[in-house]
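Structure record follows, encoded as structure tokens.
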Amino acid sequence: MFAALEALTDRDPNRRDVAASVLGDLLRGNALDAEATRLVVGRLVGLTVNEPVAMVRESALNSIGEAFNHHPLPLRLVQPPAAVTPTMEPELLAHALHIFGATHDPQAGPLIEPFLDHPDTEVRGEARRAAAEITASTTGGRAHNS
């Protein structure tokens, strides 16, 4: 895990991409406890905001999404990409919206709502699914992650 975290800062975008994918494998396989998951997700979130190469940002977003399969994560941990969603490519935006919805936090609603009428059908669909995730969790009695 630590070698992959270190590789996230490598000069070579291919190494950063592989590192993000390796971390996603760890998150998908439930190899990390809650504390390590938050550490990894926090580093990946930073990459989604500051990374200049789209394929690396996409790998980071995919990996963050994997974390929700085994651990509840708070919106505040995964919210930083919201600052750049208006400029994201549609594929990346769809991943970000999925992540916001996966928090089940009603405060993610305003991050998702602007994209319900997005011109890209994939983005619109993911925005609707993310909004439905939040609605289902709040009406179904599920507590949001804090």
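Heavy atoms only: backbone and side chains are in, while hydrogens, waters and symmetry mates are out.
By the criterion of side-chain heavy atoms lying less than 4.5 angstrom apart, applied directly or through intervening Ile, Leu, Val, Met, Phe, Trp or Tyr residues, Leu26 is not grouped with Val18; the two fall into different hydrophobic clusters. Cluster annotation: Phe100 is connected to Val49 through the hydrophobic network of ILVMFWY side chains, with a link wherever side-chain heavy atoms come within less than 4.5 Å. Under the 4.5 Å side-chain heavy-atom criterion for ILVMFWY residues, no single connected hydrophobic cluster contains both Leu8 and Val22.
Under the 3.5 Å distance criterion, the side-chain polar atoms of Ser63 are matched with a main-chain donor or acceptor of Ala20. Using a distance-only test at 3.5 Å, with no hydrogens or angles considered, a donor-acceptor pair links the side chain of His70 to the main chain of Arg28. A donor-acceptor contact shorter than 3.5 Å is absent between the side chain of Thr103 and the backbone of Ile99. Distance alone, capped at 3.5 Å, is enough to place a donor-acceptor pair between the His71 side chain and the Leu32 backbone. Side-chain atoms of Arg43 come within 3.5 Å of backbone N or O of Leu5 as a donor-acceptor pair. A side-chain donor-acceptor contact under 3.5 Å links Thr85 to the backbone of Ala82. When atom types are taken as modelled, the side chain of Arg124 and the backbone of Pro119 share a donor-acceptor pair closer than 3.5 angstrom.
For the atom pair CG (Asn62) and OG1 (Thr48), the distance works out to 11.5 Å, reported to the nearest 0.5 Å. Between the OG atom in Ser59 and the CD1 atom in Ile64 there is a gap of 11.0 Å [rounded to 0.5 Å]. If you take CE on Met1 and OG1 on Thr37, they are separated by 9.0 Å, rounding to the nearest 0.5 Å. Distance check, rounded to the nearest 0.5 Å: CG of Asp105 to CD of Gln107 gives 5.0 Å. Atom OG1 of Thr135 sits about 10.5 Å away from atom NE2 of His104, to the nearest 0.5 Å. Leu97 CG to Phe115 CZ: the interatomic distance, rounded to the nearest 0.5 Å, is 6.0 Å.
Remark: Glu51 engages Arg16, Leu47, Val53, Val56, Arg57 in a side-chain contact (heavy atoms from CB on, under 4.5 Å) (not counting sequence neighbours). When the side-chain contact (heavy atoms from CB on, under 4.5 Å) test is applied to Asp120, the partners found at least two apart in sequence or on another chain are Pro90, His118, Glu122, Val123. For Asn50, there are no side-chain contact (heavy atoms from CB on, under 4.5 Å) partners at least two apart in sequence or on another chain.
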Quiz item: Can you list the steps and then say if Asn14 with Met55 is a side chain to side chain contact (heavy atoms under 4.5 Å, CB included)?
Solution: CA-CA 9 Å; Asn14 291 320; Met55 80 172 175; 3.0 Å; yes
Exercise. Could you go through the salt bridge (charged side-chain N to carboxylate O under 4.0 Å, His left out) check for Arg38 and Glu35 one step at a time?
Key: CA-CA 5 Å; Arg38 286 179 185 233; Glu35 184 179 336; over 6 Å; no
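Pro81 is not listed as a side-chain neighbour of His95, based on a closest heavy-atom distance of 4.5 Å or more. The shortest distance between side-chain heavy atoms of Leu116 and Glu113 falls below 4.5 Å. Residues Leu23 and Glu66 fail the side-chain proximity criterion, which asks for heavy atoms closer than 4.5 Å. Taking the side chain as every heavy atom from C-beta outward, Leu92 and Val84 never approach each other to under 4.5 Å.
Here the closest heavy-atom approach between residue Ile134 and residue Ala108 is recorded as CD1-CB, 3.6 Å.
Glu89 CD: more than 12 foreign heavy atoms inside a 6.0 Å radius.
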